[in-house]
Amino acid sequence: MSKNIIVVGGGAAGMLAAYFAAEAGNKVALLEKNEKLGKKIYITGKGRCNLTNACDVEELFLNVKSNSKFLYSAFYGFDNSRVIDFFESHGMPVKVERGNRVFPVSDKSSDVIFALQRALKEKKVEVSLHTEVSKLCYEKITDTKADEEATDKKTELKITGVILKDGTTMAADAVIVATGGLSYPSTGSTGDGYKMAEDAGHTVTECTPSLVPFNVKEEWVKSLQGLSLKNTAISIYSGKKKLYEDFGEMLFTHFGVSGPMILSASASIKQSLIKQPLDMYIDLKPALTQEALDKRILREFEEAKNKQFKNSINKLLPAKMIPVIIELSGIDPDKKVNEISKEERNRLLMLFKKLPVTLNGPRGYNEAIITKGGIKVKEINPSTMESKLVNGLYFAGEVLDLDAYTGGFNLQIAWSTGYLAGTSAAV
């Protein structure tokens, strides 16, 4: 017998949940409060959409920061290869880039949305835009069979549908909540699902922005706005305690620092420390030891011995960075290279190997890629994504207390939990 299923939220998790719920022949309504589906997908990966990561499945778990064990059934049920197959079978070829990051061949996130829309149309999912859910409806179960499953779940409530903001009631046999977190609120992620979950008796853990850039104290950083550094290393300290280190890519902005390494650091550093000023050191030449770098600087100085200092280090640094390093070194820019002392050269060397920056706390939800925190996963069945408190209520995606590093892993969580919620609700 076909079921009546409602999916709340037309983002990544919601669209996939709706597709798989409908695949089994159920009547599925997808409710989205925005004017279009997948609004957050449009802006991910700078508009290119890093839709998953082509690593081994075991590596997916290593890149999940919170509650990775909870995702066992979800990841193995719908892994990264199945995500790729899904999109390619719906007319969107993909390519794999550095770090196993998977993108549409077209480099357009809109093609991800179009593929999903084609999939929903194919399964006759009824999509309602500008449709906001204000609350869930449930009833007490009076005739619960005392089987093992029922006692294990301690279920006392059963979902019956939803009430829309305009007061309309929509009946349903199952409801999947996939409303996202709090990051990028302009896309509609305003925490609606947390309130729905709490009203149903669920616990919502503390929520904070994650995969987010940092503000920086030093004024010179602003002059480097737009400069991207590749093959760089960073280390972040609280006092003498090292909190994080990484190698890769970073970006200077008008307010501070961003880029893959910085975003991953924001997910790794404990919340109790992240808002305090932290010391970050940038190694501009991580492939060279101090001794090897000193020899390289001496070679450059030898070639430019009659030049002014300001004209001698252009082979060692991006042009935009030269004035900053000259100023921080304290060496007179007009000084002849052959007059630079060993002490001055050592100061320059230390700036290359340990350029100091003070992190003044992370930016807010407006710039956070994801939300850390969400609905407590101990209250959700990891094999089905069903609530242990309300029969027929499922959750998927960022609304759950799940978050991962940058690189396509957070969207993989959305696809996998959406798939599991959709197929489970369909049964």
Side-chain angles (χ1 to χ4, degrees), residues 213-240 242-263 265 276-363 367:
F214 278 92
N215 293 307
V216 163
K217 178 184 168 186
E218 287 76 10
E219 284 295 314
W220 56 260
V221 166
K222 291 176 184 173
S223 65
L224 300 179
Q225 180 182 346
L227 176 65
S228 179
L229 297 177
K230 290 176 182 174
N231 303 319
T232 307
I234 60 167
S235 48
I236 300 174
Y237 290 79
S238 176
K240 290 182 180 177
K242 187 187 283 186
L243 303 177
Y244 186 78
E245 62 182 342
D246 202 358
F247 171 86
E249 196 176 327
M250 64 170 286
L251 172 74
F252 289 100
T253 68
H254 66 285
F255 56 77
V257 286
S258 188
M261 283 197 295
I262 304 298
L263 299 179
Q276 300 172 15
L278 300 171
D279 299 315
M280 180 171 86
Y281 298 97
I282 306 169
D283 185 346
L284 299 168
K285 302 287 177 187
L288 298 175
T289 62
Q290 276 187 220
E291 194 181 8
L293 180 58
D294 193 29
K295 285 178 182 171
R296 171 83 198 277
I297 292 170
L298 279 169
R299 270 204 316 277
E300 295 298 327
F301 278 8
E302 184 57 36
E303 282 178 27
K305 60 185 173 188
N306 294 316
K307 288 184 180 178
Q308 293 172 308
F309 172 51
K310 66 185 177 187
N311 299 321
S312 69
I313 54 174
N314 53 347
K315 287 182 185 174
L316 294 169
L317 288 167
K320 209 169 189 177
M321 208 158 194
I322 291 171
V324 170
I325 294 295
I326 287 174
E327 188 182 341
L328 294 173
S329 74
I331 303 168
D332 180 354
D334 298 321
K335 194 170 193 173
K336 285 274 176 67
V337 168
N338 59 12
E339 294 171 5
I340 291 173
S341 68
K342 187 178 180 183
E343 186 195 333
E344 287 173 322
R345 196 178 78 243
N346 279 340
R347 286 208 303 269
L348 181 65
L349 176 67
M350 288 315 292
L351 288 172
F352 276 104
K353 294 299 287 178
K354 221 175 171 185
L355 178 62
V357 169
T358 310
L359 302 179
N360 264 348
R363 304 285 282 177
E367 293 167 67

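What you are looking at is a predicted structure, and each value in this text was computed from that prediction instead of being measured.
Residue K310 comes nearest to I322 through the heavy atom pair O-CG2, 4.1 Å, listed as atom of the first residue, atom of the second, then distance. Residue D283 comes nearest to T232 through the heavy atom pair O-CG2, 3.3 Å, listed as atom of the first residue, atom of the second, then distance. The minimum heavy-atom distance linking V221 with G256 is given by the pair CG1-O, 3.4 Å. Nearest heavy atom pair, residue P213 against residue V257, reads CB-O, 3.4 Å. Closest approach of P362 and F214 over heavy atoms only: N-CD2, 3.8 Å. Contact detail for Y237 and G239: the closest heavy-atom pair is CB-O, 3.5 Å.
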Go through V337 and Q308 one step at a time and tell me if the side-chain contact (heavy atoms from CB on, under 4.5 Å) criterion holds.
CA-CA 6 Å; V337 168; Q308 293 172 308; over 6 Å; no

Applying side-chain contact (heavy atoms from CB on, under 4.5 Å) to L288 and F352, what does each step give before you reach the verdict?
CA-CA 10 Å; L288 298 175; F352 276 104; over 6 Å; no

Could you go through the side-chain contact (heavy atoms from CB on, under 4.5 Å) check for I282 and M280 one step at a time?
CA-CA 7 Å; I282 306 169; M280 180 171 86; 4.0 Å; yes

Please lay out, stage by stage, how W220 and V357 fare under the test side-chain contact (heavy atoms from CB on, under 4.5 Å).
CA-CA 10 Å; W220 56 260; V357 169; 3.8 Å; yes

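Under the 4.5 Å side-chain criterion, counting only non-hydrogen atoms from C-beta, R347 is in contact with I331. Here the side chains of N360 and F255 are not in contact, with every heavy-atom distance at 4.5 Å or above. Between K222 and V216, every side-chain heavy-atom pair lies at or beyond the 4.5 Å cut-off. When side chains are defined from C-beta on, M321 counts as touching L355, because their heavy atoms get closer than 4.5 Å. With contacts defined as side-chain heavy-atom distances shorter than 4.5 Å, the pair I234/M250 qualifies. Under the 4.5 Å side-chain criterion, counting only non-hydrogen atoms from C-beta, L348 is in contact with F309. Between L263 and S258 there is a side-chain heavy-atom pair separated by less than 4.5 Å. Side-chain contact between D279 and I236: absent, with no pair of heavy atoms (C-beta onward) separated by less than 4.5 Å.
Atom OG of residue S228 and atom NZ of residue K320 lie 11.0 Å apart, to the nearest 0.5 angstrom. Going from atom CD of E300 over to atom NZ of K315 covers 5.0 Å, rounded to the nearest 0.5 Å. How far CD of E339 is from CG of D332: 9.5 Å, rounded to the nearest 0.5 Å. One distance of note links NZ of K335 with CD of E344; it measures 3.5 Å at 0.5 Å rounding. We find the CG-CG distance between L229 and L227 to be 4.5 Å, quoted to the nearest 0.5 Å. Atom CG in L293 sits 6.5 Å away from atom NZ in K353 (nearest 0.5 Å).
Judged by distance alone, the side chains of E218 and T358 do bring a donor and an acceptor atom under 3.5 Å apart.
Ion pairing of K305 with E302 is present here, as a side-chain N (NZ or NE/NH1/NH2) and a carboxylate O approach within less than 4.0 Å.
Side chain of K285 to backbone of L316: a donor-acceptor contact under 3.5 angstrom is found.
Seen from the ring of Y281, K354 counts as a face-on cation partner, given the 6.0 Å and 45° thresholds.
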